[in-house]
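All values derive from a computational prediction rather than experimental measurement.
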Amino acid sequence: MARRTAPILNQLFTRSNFSLSPSISPFIPSRSVTYMHRPGDASPRPVTLIPGDGIGPLVTGAVEQVMEAMHAPVYFEKFEVHGDMKAVPLEVLESIRKNKVCLKGGLATPMGGGVSSLNVQLRKELDLYASLVNCFNLPGLPTRHDNVDIVVIRENTEGEYAGLEHEVVPGVVESLKVITKFCSERIAKYAFEYAYLNNRKKVTAVHKANIMKLADGLFLESCREVATKYPGIKYNEIIVDNCCMQLVSKPEQFDVMVTPNLYGNLVANTAAGIAGGTGVMPGGNVGAEHAVFEQGASAGNVGSDKIIEQQKANPVALLLSSAMMLRHLQFPAFADRLETAVEGVILEGKYRTKDLGGTSTTQEVVDAVIRALD
């Protein structure tokens, strides 16, 4: 991922790349290459903010505090949206369409009862066809596996999430899985473009084409066609059940993974658990026009009543997601500064929430990150 190379690039850009001759004065200032911005790039950008349900207001509040402390060039247009609403309010959609960028907490999805997920509604309404979750080891955070740095890119608009269900006769429900050539090709293209632009070496397509020969077969066919246009990137395929087994036994073998909708949800949450937990994994959803950034892995993104009562939600995932947002808005220096501060707090180990083995409150972690910014 681009954030991985930032420290190296900073070294290259701030240090001369040659050895000084003994006859040359050591006091020659090092040359630096600075970011040449476009006129107006420093203008603060509006971002739609949806605090959401459960721990959402806690963690989005953490982001607001950190953004203010670092004087980030963004300001928020905040809207109250909750998972038990029938639809995403029109004014919220209009705000995202205008601003192009949104930051959101988790929205609770009622179980059963025919109530559709507002998360899915939002993705379909804005055609946010690519979900990206980056699962990686954080220095200082002990995990069972080292060298994990997986990017899960998931098709976000069809598959089992098409929502086409009906009761054929009492006691018999039919749920349709929809896979199209168009959506399969564009998610495959996005995955290979991501790998190419971020110097990734391999793309793995996750499927169940041995059973769903037509649906997942079409997805694989699309991935294979796109792969031929990127000869410098290794391409392979893996059946989803074997994928889950390989993830928990040897996750370092995976680089970029491209998946249909449902498999991506399962794979991303599994990879997140392996690399340190859902509370530290950033993510976002992007389409041709709009982007919505949120906690990368969906498991636990609204938390429990106890966590909310104790004010001990982990803000790290959304802070790192907001750094992704800053980079998306072309503010890379702010993104690097925020990521460095968060990683420094994790490495120090003094302020961690319960899911990371500590006892800190959300506010204590936020205060530590703000101190690390200075």
Side-chain angles (χ1 to χ4, degrees), residues 1-17 30-49 60 62-76 99-104 128 130-139 149 151 153 190-191 193-200 255-256 280-296 315-347 369-370 372-374:
M1 192 174 178
R3 56 182 235 84
R4 287 281 176 284
T5 60
I8 299 171
L9 291 176
N10 287 339
Q11 291 175 23
L12 293 175
F13 287 162
T14 56
R15 297 191 179 96
S16 54
N17 295 322
S30 61
R31 296 186 62 186
S32 63
V33 178
T34 58
Y35 166 57
M36 187 172 179
H37 65 278
R38 297 171 302 183
D41 267 2
S43 302
R45 307 292 176 82
V47 173
T48 305
L49 178 63
T60 55
V63 172
E64 288 183 277
Q65 291 182 59
V66 173
M67 290 292 176
E68 183 178 356
M70 68 189 301
H71 304 291
V74 298
Y75 63 92
F76 294 108
N99 298 333
K100 308 295 185 185
V101 176
C102 173
L103 183 73
K104 68 181 281 289
L128 305 171
S131 167
L132 185 149
V133 181
N134 189 196
C135 302
F136 56 93
N137 292 121
L138 281 163
D149 189 3
V151 174
I153 294 175
Y190 185 87
E193 282 182 351
Y194 179 91
Y196 176 72
L197 292 172
N198 290 279
N199 196 31
R200 295 278 185 161
D255 191 355
V256 176
V280 294
M281 300 303 156
N285 307 279
V286 68
E289 300 292 333
H290 312 95
V292 174
F293 295 89
E294 58 187 326
Q295 181 173 317
V316 169
L318 201 65
L319 285 170
L320 293 177
S321 296
S322 67
M324 289 174 62
M325 179 189 75
L326 288 170
R327 192 166 284 112
H328 177 81
L329 289 168
Q330 297 186 340
F331 297 129
F334 286 92
D336 292 343
R337 187 178 168 210
L338 175 52
E339 288 168 343
T340 300
V342 171
E343 291 176 359
V345 170
I346 294 292
L347 180 60
V369 170
I370 290 174
L373 289 169
D374 299 329

A.B. asks: Can you tell if the side chain of L320 reaches within under 4.5 Å of the side chain of L338, non-hydrogen atoms only?
C.D. replies: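 The answer is no, as the side chains (C-beta and beyond) never meet within the 4.5 Å cut-off.
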A.B. asks: Could you tell me which residues satisfy side-chain contact (heavy atoms from CB on, under 4.5 Å) with A130, sequence neighbours excluded, listed by chain and number?
C.D. replies: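 Checked A130 against side-chain contact (heavy atoms from CB on, under 4.5 Å); matches are I187, Y190, V286.
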A.B. asks: Is there a side-chain contact (heavy atoms from CB on, under 4.5 Å) between D336 and R327 once you walk through the steps?
C.D. replies: CA-CA 8 Å; D336 292 343; R327 192 166 284 112; 2.6 Å; yes
A.B. asks: Could you tell me the separation between the CD atom of E294 and the CG atom of L103, rounded to the nearest 0.5 Å?
C.D. replies: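 Reported to 0.5 Å precision, the distance equals 9.0 Å.
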A.B. asks: Checking Q295 now: which residues fulfil side-chain hydrogen bond (donor to acceptor under 3.5 Å, both in side chains) with it, not counting sequence neighbours?
C.D. replies: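 Q295 satisfies side-chain hydrogen bond (donor to acceptor under 3.5 Å, both in side chains) with no other residue.
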A.B. asks: Using the test side-chain contact (heavy atoms from CB on, under 4.5 Å), find all partners of E193 that sit at least two apart in sequence or belong to another chain.
C.D. replies: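 side-chain contact (heavy atoms from CB on, under 4.5 Å) check on E193 returns K189, Y230.
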A.B. asks: To the closest 0.5 Å, what do you measure between CG (N199) and CG (D255)?
C.D. replies: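 Taking CG in N199 and CG in D255, the distance rounds to 9.5 Å.
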A.B. asks: Below 4.5 Å, heavy atoms only, C-beta onward: do S322 and F334 meet side chain to side chain?
C.D. replies: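 Not touching, per the 4.5 Å side-chain cut-off.
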A.B. asks: Side chains of M324 and N134: does their closest heavy-atom pair fall under 4.5 Å?
C.D. replies: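 Answer no - side chains too far apart.
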A.B. asks: Mind checking whether L326 and E339 have side chains closer than 4.5 Å, heavy atoms only?
C.D. replies: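 Contact flag for L326/E339 side chains = no.
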A.B. asks: L373: what forms a side-chain contact (heavy atoms from CB on, under 4.5 Å) with it, not counting sequence neighbours?
C.D. replies: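 Checked L373 against side-chain contact (heavy atoms from CB on, under 4.5 Å); matches are V66, A69, M70, R337, A341.
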A.B. asks: Only counting residues at least two apart or in another chain, list the ones meeting side-chain contact (heavy atoms from CB on, under 4.5 Å) with N99.
C.D. replies: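 Checked N99 against side-chain contact (heavy atoms from CB on, under 4.5 Å); matches are P46, T48, E77, S95.
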A.B. asks: Please check this pair: side chain of S321 against backbone of G283, looking for a donor-acceptor N/O pair closer than 3.5 Å.
C.D. replies: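 Indeed, once roles are kept as given, a pair shorter than 3.5 Å links the two residues.
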A.B. asks: Let me confirm one number: the CZ-CZ distance from F331 to R45, rounded to the nearest 0.5 Å.
C.D. replies: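 Here the rounded value is 4.0 Å.
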